[in-house]
Amino acid sequence: MRDRVEELGKIKLAVLEGPDPAATQRQHDKGKLTARERIDLLLDPGSFQEIEGLRRHLATGFGLEQRRAYTDGVVTGWGTVEGRTVFVFAQDFRILGGALGEAHAQKIHKIMDLALSAGAPLVGLYDGAGARIQEGVGALAGFGGIFARNTRASGVIPQISVILGPCAGGAAYSPALTDFVFMVRETAQIFITGPDVVAAVTGEQVTMNGLGGADVHSRDTGVTHFTYDDEPSCLHDVRHLLSLLPSNNREQPPAAPSADPADRRSEKLYDLVPVDGNRPYPMRSVIEEIVDDGELFEVHEHWATNVVCGLARLDGQVVGIVANQPSMLAGVLDITASEKAARFVQTCDAFNIPLVTLIDVPGFLPGVAQEHGGIIRHGAKLLYAYCNATVPRVSVVLRKSYGGAYIVMDSRSIGADLALAWPSNEIAVMGPEGAANVIFKREINAADDPEAMRQLKIKQYRSELIHPYYAAERGLIDDVIDPADTRRVLIRSLAMLRTKHADLPMRKHGNPPQ
């Protein structure tokens, strides 16, 4: 037995060391860590338990029978993050370029099944060259098994994809099916067809980063939620995100003690938010004044920047925050902002994270491009997401809230549990200037001084229909609050709603707008 244990130790040492030192050096020369180095940064020290480390492929032909390294190019197992179980798979680019073959895929299938059975988060660390061409259709079928499991686990356990190298072809669809995507600049790319194929088919010349780099996907496509300059800071924030999420949809997000007083007033908000609805201000600064210790973990920070989405804590409890951003496009809702916020609302609802909506919205963005681009369909995604959400929902109107955007931004009429407002709120079908031009058009045109008449009618409309207490008088706003008390009121409201129970009608599933 001792001889056999000694033999086992040698084999496992070879597994840990990888194919050869030169391959490791090449990985480091590219500015990338190895699969095991990444796992060590992600998980608590000493907690990783590997499975199928001795797995090798059985494929033959094209020289594969001479290239049968242990692990088959993917390290799988589980460990802990801040003491909580997390499952992980990490592609090893040093072995067959991290390409996915049948054995490689079966290892990922097993760890995904275990994560779902155990009710624990799954983190995928991607660094692979797509399907293993030498194994033919078997590799493609392996991707299909991954996609099916991504879909089955959706909304049940948190799924996080971390792109740390190439993620090409069919492999790109798995991250797109997960809840959050992280990328590292320069070394990570994700695309369906690479630059060579693009050039051959369309004649367009583009680099790998120009086609599917981190900045492209964080700024233009919205594929990635978080972008970093290096792998350690990226994996550090993956750990932070996991600390804000429950292990599965049957649990509540983990609470954390907070030294920030629950009844802290913030009179800075008086000066931070101008009463004049036409003056911009940074909504993120407002959020930081309200949440615990000013900490907001923003999602999709660089995409659709006219709406802010992020996770924070209020009195130690995790909340999801959706807020219009007046300093960008005046905070209007457009196609991308609607999609961004809708996806975030659905994610929070899936994992029992209460929603706080901070509203300062002049409406939906007008224009031919928006209408032809499907603003009706895309705006309906946000409407559907809020209407379908059963988590505690509290909304606060800071300043203006006009037209259909008022309804969509979690108004009382679509199910907000509590709708609050500051005394600077203006809630109406449209702004007073536009409304006066429509309602009093004849009187304005017939006046000796049309501009003076227009100003008079604007003042009349404002005083009669959009004064700060108009909506409250009709029960559409539950309370008009002192801005400095926003934090205290939100904390008390969410504490009251913590035991909220809501049932949706019996159905196989909804059919949200696409």
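All values below were derived from every heavy atom in this structure, side-chain atoms included, with hydrogens, water molecules and symmetry-related copies excluded. The structure displayed is predicted, hence computed values, not measured ones.
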Are His240 and Phe297 close enough, and set up right, to give a ring pair (Phe, Tyr, Trp, His ring centres under 6.0 Å), and what steps lead you there? CA-CA 9 Å; His240 180 55; Phe297 193 54; 4.9 Å; yes
Run Gln27 and Asp127 through side-chain hydrogen bond (donor to acceptor under 3.5 Å, both in side chains) and show every step you take. CA-CA 11 Å; Gln27 185 81 347; Asp127 187 5; 2.9 Å; yes
I'd like to know if the side chain of [X] reaches the main chain of [Y], judged simply by a donor and an acceptor atom lying under 3.5 Å from each other, with no hydrogens or angles considered.
X	Y	answer
Asp292	Ala312	no
Glu231	Tyr228	no
Arg284	Leu296	yes
Thr202	Val198	yes
Asp72	Arg56	no
Lys381	Ser338	no
Asp349	Val391	yes
Arg264	Glu289	yes
Thr336	Ala304	no
Thr305	His302	no

For the pair Phe89 and Tyr126, evaluate ring pair (Phe, Tyr, Trp, His ring centres under 6.0 Å) and give the outcome as yes or no after the intermediate values. CA-CA 8 Å; Phe89 65 85; Tyr126 289 84; 5.5 Å; yes
What are the two closest heavy atoms between Val322 and Phe344, and how far apart are they?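 Looking at all heavy atoms of both residues, the closest pair is CG2-CD2, 3.7 Å.
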If you draw the axis of the six-membered ring of Tyr70, does the NZ or CZ of Arg55 fall within 45° of it and under 6.0 Å from the ring centre? no
Side chains of [X] and [Y] only: does a donor on one sit below 3.5 Å from an acceptor on the other?
X	Y	value
His501	Asp503	yes
Arg94	Thr24	yes
Asn306	Asp334	yes
Glu251	Asn352	no
Asn150	Tyr173	no
Glu288	Ser285	no
Thr80	Asp44	yes
Ser247	Arg84	yes

Does any part of the side chain of [Y], heavy atoms only, come nearer than 4.5 Å to the side chain of [X], both counted from C-beta?
X	Y	answer
Tyr384	Pro513	yes
Ile290	Leu314	yes
Pro166	Phe93	yes
Ile157	Pro121	no
Leu125	Leu235	yes
Val394	Leu355	no

Between Arg313 and Asp293, does any side-chain N to carboxylate O distance fall below 4.0 Å?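 Salt bridge absent between Arg313 and Asp293.
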May I ask you to say whether Glu50 pairs ionically with Arg36, meaning some side-chain N is under 4.0 Å from a carboxylate O?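 Result for this pair is yes, salt bridge flagged.
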Kindly compute the distance separating CG (Leu177) from CZ (Arg152), expressed to the nearest 0.5 Å. 12.5 Å
About how many Å separate CD1 of Ile491 and CG of Asp315, when rounded to the nearest 0.5 Å?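 Output value for this atom pair is 4.5 Å.
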What do the steps show when you test Thr357 against Arg393 for side-chain contact (heavy atoms from CB on, under 4.5 Å), and what is the final call? CA-CA 8 Å; Thr357 305; Arg393 292 156 49 190; over 6 Å; no
How far apart are the C-alpha atoms of Asp179 and Ile160, what are their side-chain angles, what is the distance that settles it, and do they pass the side-chain contact (heavy atoms from CB on, under 4.5 Å) test? CA-CA 6 Å; Asp179 300 304; Ile160 298 172; 5.8 Å; no
Applying the side chain to side chain contact (heavy atoms under 4.5 Å, CB included) test to Gln370, which of Val332, Ile376, Leu333, Leu365 qualifies?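 For Gln370, the side chain to side chain contact (heavy atoms under 4.5 Å, CB included) test succeeds with only one of Val332, Ile376, Leu333, Leu365, which is Leu365.
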Run Thr71 and Thr76 through side-chain contact (heavy atoms from CB on, under 4.5 Å) and show every step you take. CA-CA 8 Å; Thr71 74; Thr76 57; over 6 Å; no
